[in-house]
> 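Quick one: the structure is below, questions incoming.
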Amino acid sequence: MSRLLNAVTLLTVLASPAAPLYAQQVAGPDEPYARGIVVADHPLASEAGAEVLRRGGNVVDAAVATAFALSVVRPESCGLGGGGFMVIWNAERQEAVAIDYREQAPRHASRDMYIKERDGKPLPADASRKGGLAAGVPGEVAGLCYALETYGSLDRSVVMQPAIRLAREGVDVDAQMRSAQRRTLAALAQRKNGMQQFAPLVRHYLNGGTQWNEGDRFHSPLAHLLERIAEQGRDAFYRGPVAEALVAANQSQGGILTLEDLATMEPRIRQPLEARFSGMKVISMPPPSSGGIALIQTLNTLSAWEAKHPDQRLELLGHNTVESVQLLTEALKHAFADRARFLGDTDFAEVPVDKLISNEYAATIASKIQLDQTHPADFYGTTAAHRDAGTSHFCVIDAAGNAVACTETINTTYGSYVVEPKYGVIFNNEMDDFTARPGEPNVFGLMQSEANAIAPGKKPLSSMSPTIVVEDGKAVMAAGASGGPRIITATLQVLLNMTRFGMSPSEAVSAPRVHHQWMPDELLIERAIRSKVGPRLEKIGHEVKSSSGLAASQAASRSEDGLRGGSDPRKGGQPAGW
Ligand code: DON
């Protein structure tokens, strides 16, 4: 296997590979690290990646270590039963690659599987969200093993060691986990026989149903399976006793997963989308994510607007002012209307990607924007037809300008609630990201078209937007978020905060945000700026709603004086590095 990112000449091994390297520097939020930084939404996941950097690993080694650690410390958000997207920038080769290890529809899935009756009975209304039928074929283990073998430099056993240690030793339960537990126990209590139906989830991940308190510890059930994967690689998950146990658990809950679905699951390598913004190269995720297209379309629209209105550049309009929020909102309404209408997995559907990210198209959109007026939803397009939950984003940058931006998901909090009882894998509920019931919105209120209809082997459209910004051939920023469609708007605003408003990563991820996704036709504004900008945006014609928190974003930057990172205070992570 090639070792594309092997040349991490700056990183020297400080101790024997067997023991953890505790000699890390701890930088404050804005104090830079010199050699490498990892920014996840849990401090111990960042630290797992940083530990691997200190052992001489490259940015992909660190990313894989972070991802496996997240499966232990953020089980409500991502993990072995889910999937993700990893965007990599190799500064030495000047090469960008995107690894797509998103879940895919099982081979027995079909377009109308959630609207048809089954065995003469109608399916539960939430069949695409909870239970066995909600799960897509997990891609996580295949993707991480592929990333490591192809672009990493260290052995799997070294890279997975921090995750295994965290699973063996247990971790302190944090506020995010307590909140996820509280919400999930309440949701289970509202379902008929919810606690019994999803007993393995309650036992392994919800403290047996007893509310966690501060100071309690969580012991992940994944230690044994992680060790097997460290020894045997992907086959430990996709073939043999674990695969058999996964299929049995899925089918016993009404699912259609087969051994063949698992054995044939492979990551796909995609060419990332690229665009220029503010003189820099923006690299982001192509379909089956909508994130890169919507992000680039919006950035292009802003550039086209500024070319036409040089006295109304975004930074001249000001950060989070009525005018700048209005400009962003109008650009976003067009981008999300196009998302709903055109986007789906390009391996199955015809998607006009080139047109949507072209400068000509952006100029057409910009010419329709007015700073004192908004329009009803059908002006932007038509379709043929909360709190942070089941996703986690992290970034890694090193001093040489290599970077990884990676977002992983099991969709909503604790995914489908189905847990394989012996090995502890939580099944995703990614099938709800398809147009599961044509004409109806999904759990995030997103309307979607036939392009995103279910088909065997097809991937559900995603909003995950792992993004890297490159200047002079080296990564200068990486960003992304969790939060459904709010991922796109959060990533956009964080990048604008850094590129246009001169903010550090921690300022950029902390600043209040807004969100509009075209449908529902409402503008969400975080409370900190609701009274400042809300009334005038209502006068322009927006239906304004307050939000307590819009998405959770992690970002990192590299400049001459070092590497900085910001983990979103909305979720409670913390960067680590050296
Ligand atoms: O791929 C997607 O777009 C969704 N599965 C993401 C869900 C999400 O971000 C939930 N929350 N934190």
Side-chain angles (χ1 to χ4, degrees), residues 40-42 70 74-79 81-87 98 100-105 128-130 134-140 143 176-177 179-180 183-184 284-295 336 339-340 343-345 386-394 405-416 426-436 441-448 452 458-467 479-491 513 515 517 547-554 567-568 570-573:
D41 62 14
H42 193 294
L70 282 167
R74 282 274 177 254
E76 70 278 21
S77 296
C78 60
F85 297 137
M86 186 182 287
V87 175
D100 165 7
Y101 51 102
R102 183 156 176 79
E103 305 87 330
Q104 65 190 37
S128 65
R129 295 178 195 164
K130 297 293 168 228
V137 187
E140 179 88 5
Q176 171 70 26
M177 215 167 179
S179 151
R183 284 181 284 120
T184 308
S284 194
M285 191 67 207
S289 183
S290 63
I293 292 181
L295 185 79
F336 273 92
R339 179 196 194 281
L343 300 197
D345 182 349
H386 83 162
R387 279 154 291 207
D388 198 72
T391 305
S392 180
H393 173 80
F394 66 90
C406 183
T407 317
E408 304 196 317
T409 184
I410 48 173
N411 200 22
T412 56
T413 304
Y414 294 114
S416 65
I426 302 176
F427 281 98
N428 68 83
N429 57 345
E430 225 65 62
M431 293 297 283
D432 194 62
D433 275 347
F434 278 118
T435 312
N442 75 358
V443 74
F444 301 109
L446 286 166
M447 295 298 293
Q448 324 197 70
N452 189 31
K458 186 174 175 183
K459 303 208 173 205
L461 185 62
S462 171
S463 298
M464 295 189 290
S465 317
T467 301
S482 53
R486 297 159 187 194
I487 290 172
I488 297 171
T489 50
T491 307
R513 293 194 274 266
H515 174 75
Q517 61 183 56
S547 170
S548 56
L550 291 169
S553 175
Q554 274 59 244
S567 292
D568 202 315
R570 295 165 188 79
K571 196 161 177 184

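All ligand and atom numbering here is 1-based and tracks the order in the structure. Fair warning: this is a prediction, and the values are worked out from it, not measured in the lab.
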> Of all the heavy atoms in R102, does at least one lie under 4.0 Å from an atom in ligand 1?
yes
> Are the side chains of L70 and D41 in touch, meaning some heavy atoms are under 4.5 Å apart?
yes
> Is the shortest N/O to N/O distance between G483 and ligand 1 below 3.5 Å?
yes
> Tell me the nearest of E430, R486, K459, E76 to atom 5 (N) of ligand 1, using heavy-atom distances.
E430
> Applying salt bridge (charged side-chain N to carboxylate O under 4.0 Å, His left out), name anything that partners E430, two or more places apart in sequence or on another chain.
R102
> Applying ring-ring contact (aromatic ring centres under 6.0 Å, His included), name anything that partners F336, two or more places apart in sequence or on another chain.
H515
> At a 4.0 Å threshold, what atoms of ligand 1 neighbour a non-hydrogen atom of S463?
1 (O), 2 (C), 3 (O)
> Taking distance alone, with no angle check, do G484 and ligand 1 share an N/O pair under 3.5 Å?
yes
> D100 side chain to P288 main-chain N or O, any donor-acceptor pair under 3.5 Å?
no
> At a 4.0 Å threshold, what atoms of ligand 1 neighbour a non-hydrogen atom of G390?
10 (C), 11 (N), 12 (N)
> Does any non-hydrogen side-chain atom of E140 lie less than 4.5 Å from one of E408?
yes
> With side-chain contact (heavy atoms from CB on, under 4.5 Å) as the test, would you mind laying out the steps for D433 and N442 before giving the verdict?
CA-CA 7 Å; D433 275 347; N442 75 358; 3.8 Å; yes
> For ligand 1, which part of L461 has a heavy atom less than 4.0 Å away: the side chain, the backbone, both, or neither?
neither
> Nearest 0.5 angstrom please: N411 CG to N428 CG, how far?
7.5 Å
> Is any N or O atom of S482, backbone or side chain, closer than 3.5 Å to an N or O atom of ligand 1?
no
> Counting only heavy atoms, tell me which of I487, N411, T409 gets closest to atom 10 (C) of ligand 1.
N411
